There are 2 protein chains.
Amino acid sequence: MPDATIARLPQYLRCLSQLENTGAQTVHSADLAGHVGVSGAVVRRDLSYVGSYGTRGVGYPVAQLRQKVITALGLATEHRLVVVGIGHMGRALAGYSGFAERELRVVGLFDIDPDLIGTKIGEASTGMVEIQPLTDLAAFVADHEVRIGVIATPAASAQAVADLLTSAGVTSILNLSATHLAVPEGVVVRPVDLATEIQILAVHAAQQEVR
Amino acid sequence: MPDATIARLPQYLRCLSQLENTGAQTVHSADLAGHVGVSGAVVRRDLSYVGSYGTRGVGYPVAQLRQKVITALGLATEHRLVVVGIGHMGRALAGYSGFAERELRVVGLFDIDPDLIGTKIGEASTGMVEIQPLTDLAAFVADHEVRIGVIATPAASAQAVADLLTSAGVTSILNLSATHLAVPEGVVVRPVDLATEIQILAVHAAQQEVR
DNA sequence: AACTGTGAAGTGGTTCACAGCA
DNA sequence: TGCTGTGAACCACTTCACAGTT
């Protein structure tokens, strides 16, 4: 299943949940497409990956489809993750309420700054988490069988953190640190750099200016 | 020029700047490739977009190449941007020191919360910026000819903010709000949703678990 | 008649592999 | 000999278009 499809499934899911609440029985690919901002063809292709069983001439059964998407996304089980580097970005993640509905649970927060250790952050409803010293990271990850780590540290410490995470058993890393990370075979890293995203926009804007 | 290439150019640039400081005259595609984590072929292809003039058998002249990359990225002129929605994410952006070296300048911060209005945030070195009420957004964008906007509001208000931005002249939007935005023709939106990124990692991790 | 499911074509980007040049 | 520049193959995803099904 393409990453692009995985990225769209949660959006379909949100629509499907709303539809189920309103009591709708079926939904057309075009309806979902409209809400998510893609074409009907994309929706049908995406749903074919989750093992779709719509009815030609009718549409998709809302409830069953919703269940299919839920299992495809692995929302049956909770996914534990740790966040390393509790600056503004780390805080934003720790307090992000959107994680709950995706069964993503921030179970550990880590930072090297002694002043931060012991502080509890996050939403009271979704559970506060205490910031722990970086030295406890490896043991914590191993003990709690965490497989997902977020690196929100400055670039200089990112590689060291990645080494810690991977050696402790993390297989998936979200890298917010704007550096390339070297990781062992089998570990998947997704880099996200907001400065780069804006840079791309700036180049587009500059081109538009010329035209 | 592909977006993927634009995204890599700043990374090459960082290497080139370092190399220039160390006094290196030339650099091989393989050297840059190693630092950025791609193949030499990608580097050469990318550099061909910026109008490369390396020497076969020798490599690229560091100083000239650096200049070429700088102009390709439009770093000659400063790009002004506004951030709407000053939660943790908005704060992270406002205070992000990496913007300076890319000539990205946060000139306006906006929020709807009256308690935040007037607060100044950002790094003292790169310039503090005061949070203004959302009602002043359109006028500010038009007056200061801002072309780039970042939406870091909750999903519910994102579309309204996008409408405000585009009608005031913004042509490029970074959408951190996890919703699809409908915008006029010609406006480019880049969606970034950290929850979705982690979701993709979670699906990969789950698959790995099974294997 | 209406809408799904999917081959087939198209698109954007990466990789290969090698000719071209110092 | 060594490294660049690039056509051509390749791959992943999107779009088209239409046959298939109720």
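Throughout, protein chains are lettered first and strands after them, A, B, ... in sequence-line order, and every chain is numbered starting at 1. In this text, all values refer to a predicted model and were calculated from it rather than measured experimentally.
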* Asked: Relative to the 5' end of DNA chain D, which residue comes earlier, A:V42 or A:G57, by the nucleotide with the nearest heavy atom?
  -> A:V42

* Which part of the nucleic acid, if any, lies within contact of B:D31, taking any heavy atom under 4.0 Å across all strands shown: a base, the sugar-phosphate backbone alone, or nothing? -> nothing

* **A:R8 side chain near D:dT14 phosphate (N/O to OP1/OP2, under 4.0 Å)** => yes

* Whole-Å distance between D:dA12 C1' and A:M1 CE? -> 15 Å

* Can you tell me how far P of D:dC11 sits from CG of A:D3, to the nearest Å? -> 18 Å

* To do: Starting from P on C:dC21, measure out to NE2 on B:H28 and report it in whole angstrom.
  => 20 Å

* If you look at every strand shown and take non-hydrogen atoms under 4.0 Å, does A:S29 touch a base, only sugar-phosphate, or nothing? -> sugar-phosphate

* Asked: Do any side-chain nitrogens or oxygens of B:T55 fall under 4.0 Å of OP1 or OP2 in C:dA22?
  -> no

* **Passing option when B:V83 is tested against B:D111, B:L176, B:I131, B:L109 for side-chain contact (heavy atoms from CB on, under 4.5 Å)** => B:L109

* Charged N-O contact under 4.0 Å between B:R102 and A:D193 -> yes

* Could you tell me whether the side chain of B:Q159 and the main chain of B:A182 form a donor-acceptor pair under 3.5 Å? => yes

* Asked: For B:Y60 and D:dG5, is the shortest distance between a side-chain N/O and OP1 or OP2 below 4.0 Å?
  -> yes

* To do: Give the rounded distance in Å between these two atoms: CG of A:D46 and P of D:dT15.
  => 11 Å

* Between D:dC3, C:dG7, C:dC16, which nucleotide gets closest to the side-chain atoms of A:R45? -> C:dG7

* Structure fact -> The answer to which of A:V38 and B:S48 contacts DNA chain D further toward the 5' end, by nearest nucleotide, is B:S48

* To do: Return the orientation label for the A:F140 and A:F110 ring planes: parallel under 30°, perpendicular over 60°, tilted otherwise.
  => perpendicular

* Starting at atom NZ of B:K68, determine the distance to atom C1' of D:dT4, rounded to an integer number of angstrom. => 16 Å

* Side chain of B:A41 only, please: which of D:dT14, D:dT4, C:dC16 is the nearest? => C:dC16

* B:R44 CZ to C:dC21 P, straight-line distance once rounded to whole Å -> 16 Å

* Asked: Looking at the side chain of B:R56, which of D:dG7, D:dT21, D:dG2 is the nearest nucleotide?
  -> D:dG2

* Tell me: OH of B:Y49 to P of D:dT4, nearest whole Å? -> 18 Å

* For the pair made of CG in B:L65 and C1' in D:dC3, what is the distance, rounded to whole Å? -> 14 Å

* To do: Check the side chains of A:R66 and A:S17 for a donor-acceptor pair under 3.5 angstrom, ignoring hydrogens and angles.
  => yes

